[in-house]
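This report concerns only the one structure given below.
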Amino acid sequence: MSLDTLAQERRARLAAERLLELKQAELFNANKKLSNHARNLSDEIIVKREETAVLKTENVQVLEDLERANCAVHIAERRLWDSIETIEDGFAVFDPSDIMIAANPAYLSVFDGLEDVRPGISYTEILGLAVEEGIIDIGDRSRSGFVEQALQRWRAPTREPHTIRLWNNQFIKLVDRRSAEGDMVSLGLNITDSMRYAARLKEATRKAESANRAKSAFLANMSHEIRTPMNGMVGMADLMSETELNEEQKLYVDTIKSSGEALLSLINDVLDFSKIEASKLSLNPNPFDLERCIQDVIVLLQPVAQQKNIDLIVDYDMFMPTCFVGDQGRMRQILTNLVGNAVKFTAAGHVIVRVVGLPEDDGRSQRVHISIEDTGIGIAPEMRAHIFGEFNQVEDERNRKFEGTGLGLAITKQLVALMGGDIWVDSEQGVGSCFGFHCTMDVVNAAQDVPELPSWMHRAYLVDHISANSAILEKQLTAIGFDVTPMDTSQALLDSPLDGDIYLLDNNLPNTDMGKLIAEIRARGVTAPVLLMTSGPVSAAALEHDSTNTLQKPLLRSDLCHALAKLLPAKSTFKTEDPNDRQMRILAAEDNKTNQLVFGKMLKNFDIELQFADNGREAIEYYESFNPDMIFMDISMPEVDGKEATRAIRAIELTNGRHIPIVALTAHAMAGDDQEILAAGLDHYMTKPLRKAAIIDQIQNQKPSHCRAISPDETAPPQSNPQVSVMAGE
Ligand code: ADP
């Protein structure tokens, strides 16, 4: 073998050995990697195995929880159904397409025996079956009409509970409510017992109401029956007190009169109370003059106040209207109660009635506030609410001596409430009380005519020792344009320059002889008119001076203005026309002879021609033959009653174009009677027992201008004392 060959072989072997080494190294590396990977894998397997074990435990736990939850749901569902099944009211659930999902036995029992009514049935089918089988009483509706109406209700967005009546006279109240998911839950509540109870209650109420009506009617009739003889008693006592009597007789007569009046007011209170109780008391709104109404009340209470030396003062806002639409009678009753109490519970000082108004509704109505302020015994704070209760009075040492029923304020409160108002009281014991109330009334003539003063009136001297009186009058006189000089003593007047255009003097100035005072100022050259403000008689000495007039207190704004308008300036002359022509003719239809006697005696001294008719038929005859200027018409009369006679007279008047004033005289006192009477064509309405002053008032109001004055007192006196115009009250 050549050397080359050997070398070649050696080189080849070496190359192979190197390759082998290389491959061995590669193999080693690969082995190493493989073993690393295998180690990693086994680690991962261990982790996964642990994780699997945890998951397995958790899974078992979840399965156990689920089992428990399922079990709880089952129990809850069973309990719920057990409960629903035991309740006596019907319960059912419908799915959103109105298919019954479930219902309790009470619900299903209504459809007793109808197999089809069970879960799976639709609401429409249930209705159809209920109607067809006569399960529901559909009244006088048609079957289809009933079903349609029920479905409408069922499908409405919201529905009120609805009561149905079943064939067996059971009443079921259906309360259906849709859930947020659209299911409808229907409850059928059996309200038969409460329906029966309500029916029994209704029947009992009806019976009680009819008994109450009977009681009211009985009271009204009794009051009618009692008033008629009392008319005779009070009227006769009134007349008798005007005759010559000795001290003792006068005492007897006055007692008869005051007892009669007290009894009458008691009857009125009890009657009103029974009407309020029976909710029968209603208002009868008509136009009326509020200021005059207050004045009437004051005039009525004046004698008692004077006996106690209490001043009654009215402060009626000068720029407030006086004519309102309201129930004058009830307003007078409220005021009589409140002012009457104020006088009753005041021993000395004054009682002021203040009236202010707030325009409402563009001046078409006014919220009228009336307060009655006294300087009396006052009311303890804890008693202020109590006294508005029925038959409630303050009973303490100071109060025990006062008479009363304790009904007045209870009735007053109800009357004010009926007028839509409110009443309150403010009081301090030993200082006085202030009762106030408000109500809103329509104004009759919103354009308040503030009177124009005669052009010569500028300066007014006002002398009054009562500061409240003086302040109010000063305010009123200033409001109508006077320059007022107020004073409180006669000496202050005598010390003044005496340059007034008019002099307003209080007739009861202390330590003053009015006759002498007027003589003194006349002697000093005062010729301007003097107005004496008085609540009682005025001395003849005071009146004998020219241009001296009287004004009755409390002053009515309109009276004051009229009196001022009639005055003539100092040193002027005055001419009166004499319109006297003939006597006023008055026809009085009255069947009761005693009443005729009382009526005749009351008018005995008046310059009138009085004719009586014994019944309505005669009244119609006399209407034509006697040609009266006014008629007083009793309502309850035999043969033809007052309403019928009036209707007949009004029918005759359609042919002669006249309208004779007819005033109803009645003892009826039930609400509504007056409307009925006025509807028959009567113009006014007077309740018996009749008062002389009220009758004279009516006659004065109706006297035609061509008839002569009915009383010598009212005749305009001759030239010597041209301006005397006594505005006396009762
Ligand atoms: P009566 O006056 O008939 O007792 P009322 O209901 O009118 O009944 O009054 C109830 C009570 O309220 C009175 O008894 C009296 O105690 C008290 N009272 C009413 N008004 C006044 C007042 N102006 N001052 C003091 N107490 C009053």
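Keep in mind the model is a prediction, meaning the values are calculated, not measured.
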Distance-only check: which donor-acceptor pairs under 3.5 Å involve side-chain atoms of residues 291-300, not counting sequence neighbours?
residue	atom	partner	partner atom	Å
Glu291	OE1	Arg557	NE	3.2
Glu291	OE2	Arg557	N	2.6
Gln295	NE2	Pro554	O	3.2
Asp296	OD2	Arg332	NH2	3.4

Test item: Thr666 side-chain N/O and Met686 main-chain N/O as donor-acceptor pair under 3.5 Å = no
Before giving the answer on side-chain contact (heavy atoms from CB on, under 4.5 Å), spell out for Val353 and Val339 the whole-Å C-alpha distance, their side-chain angles and the decisive distance to 0.1 Å.
-> CA-CA 8 Å; Val353 182; Val339 183; 4.0 Å; yes
Charged N to carboxylate O below 4.0 Å: is that the case for Arg647 and Glu644?
-> no
Gap separating the OG atom of Ser470 from the CG atom of Leu462, nearest 0.5 angstrom = 4.5 Å
Of all heavy-atom pairs linking Leu312 and Gln302, the shortest is CD1-OE1, 3.7 Å
Minimum heavy-atom distance between Ile352 and Ala468, given as atom pair plus value = CD1-CB, 3.8 Å
Using a strict cut-off of less than 4.0 Å between a Lys/Arg side-chain nitrogen and an Asp/Glu carboxylate oxygen, indicate whether Lys344 and Asp374 qualify as a salt bridge.
-> no
Intermediate values then yes/no, side-chain contact (heavy atoms from CB on, under 4.5 Å), Ile411 and Leu415 | CA-CA 6 Å; Ile411 293 171; Leu415 288 176; 3.9 Å; yes
Check each of Thr646, Val663, Ile649, Leu682 against Ile631 using the side-chain contact (heavy atoms from CB on, under 4.5 Å) test, and report the only one that passes.
-> Ile649
Determine the minimum heavy-atom distance between Glu653 and Ile660, stating which atoms define it.
-> OE2-N, 2.7 Å
Sub-3.5 Å donor-acceptor pair from the side chain of Gln366 to the main-chain atoms of Thr440, do we have one?
-> no
Taking atom CG of Asn284 and atom CZ of Arg330, what is their separation to the nearest 0.5 Å?
-> 9.5 Å
Can you tell if the side chain of Leu665 reaches within under 4.5 Å of the side chain of Ile635, non-hydrogen atoms only?
-> no
Under 4.5 Å between any side-chain heavy atoms of Leu603 and Ile695, yes or no?
-> yes
Would you indicate whether the side-chain heavy atoms of Leu290 and Val355 approach each other to under 4.5 Å?
-> yes
For Arg384 and Ile379, indicate whether the former's side chain and the latter's backbone hold a donor-acceptor pair under 3.5 Å.
-> yes
State, yes or no, whether a side-chain contact exists between Leu564 and Met457 at a heavy-atom distance under 4.5 Å.
-> yes
Below 4.5 Å, heavy atoms only, C-beta onward: do Asp442 and Ser365 meet side chain to side chain?
-> yes
When you look at CG of Asp361, are more than 12 heavy atoms from neighbouring residues, nucleotides or ligands closer to it than 6.0 Å?
-> yes
Are the charged groups of Arg691 and Asp238 less than 4.0 angstrom apart, N to O?
-> no
Supply the atom-to-atom distance Leu504 CG to Thr485 OG1, rounded to the nearest 0.5 angstrom.
-> 11.0 Å
To the nearest 0.5 Å, tell me how far Gln429 CD sits from Ile377 CD1.
-> 8.0 Å
Residue pair Asn508, His465: steps toward the side chain to side chain donor-acceptor pair (under 3.5 Å) verdict | CA-CA 9 Å; Asn508 297 321; His465 62 293; over 6 Å; no
Stepwise side-chain contact (heavy atoms from CB on, under 4.5 Å) test for Leu409 and Leu338 = CA-CA 8 Å; Leu409 286 178; Leu338 297 180; 3.6 Å; yes
Would you say the side-chain atoms of Asp683 pair up with the backbone N or O of Ile662, donor to acceptor, closer than 3.5 Å?
-> yes
State whether the side chain of Lys703 and the backbone N or O of Cys707 hold a donor-acceptor pair below 3.5 Å, judged by distance alone.
-> yes
Val443 and Arg364, any side-chain heavy atoms less than 4.5 Å apart = no
Ignoring hydrogens and geometry, is there a side-chain-to-backbone donor-acceptor pair from Lys308 to Thr346 under 3.5 Å?
-> yes
Between the side chains of His350 and Glu373, is a donor N or O closer than 3.5 angstrom to an acceptor N or O?
-> no
Heavy-atom side-chain proximity of Asn507 to Thr550 below 4.5 angstrom = no
Which pair of heavy atoms, one from Cys434 and one from Ser371, lies closest together, and at what distance?
-> SG-CB, 3.9 Å
So do Glu474 and Val484 actually touch side chain to side chain, heavy atoms under 4.5 Å?
-> yes
Aromatic plane relationship, His438 with His369 - under 30° parallel, 30 to 60° tilted, over 60° perpendicular | parallel
Minimum heavy-atom distance between Ala342 and Ile372, given as atom pair plus value = CB-CG2, 3.8 Å
Between Phe388 and Gln414, does a side-chain contact (heavy atoms from CB on, under 4.5 Å) hold up when you go through it step by step?
-> CA-CA 9 Å; Phe388 289 103; Gln414 304 251 22; over 6 Å; no
Gly408 backbone acceptor or donor facing Asn337 side chain under 3.5 Å = yes
To the nearest 0.5 Å, what is the distance between CG (Asn341) and OG1 (Thr412)?
-> 7.5 Å
Kindly write out the residues that satisfy ring-ring contact (aromatic ring centres under 6.0 Å, His included) with Tyr503, not counting sequence neighbours, or none if the list is empty.
-> Tyr461
Would you call Arg459 and Asp501 a salt bridge, using N to O less than 4.0 angstrom?
-> no
Of the non-hydrogen atoms in Ser433 and Gly378, which two are nearest, and what is the gap between them?
-> OG-CA, 3.5 Å
For the pair Phe632 and Phe599, name the ring-plane relationship: parallel under 30°, tilted 30 to 60°, perpendicular over 60°.
-> perpendicular
Can you measure from CZ (Phe437) to CD1 (Ile370) and round to the nearest 0.5 angstrom?
-> 3.5 Å
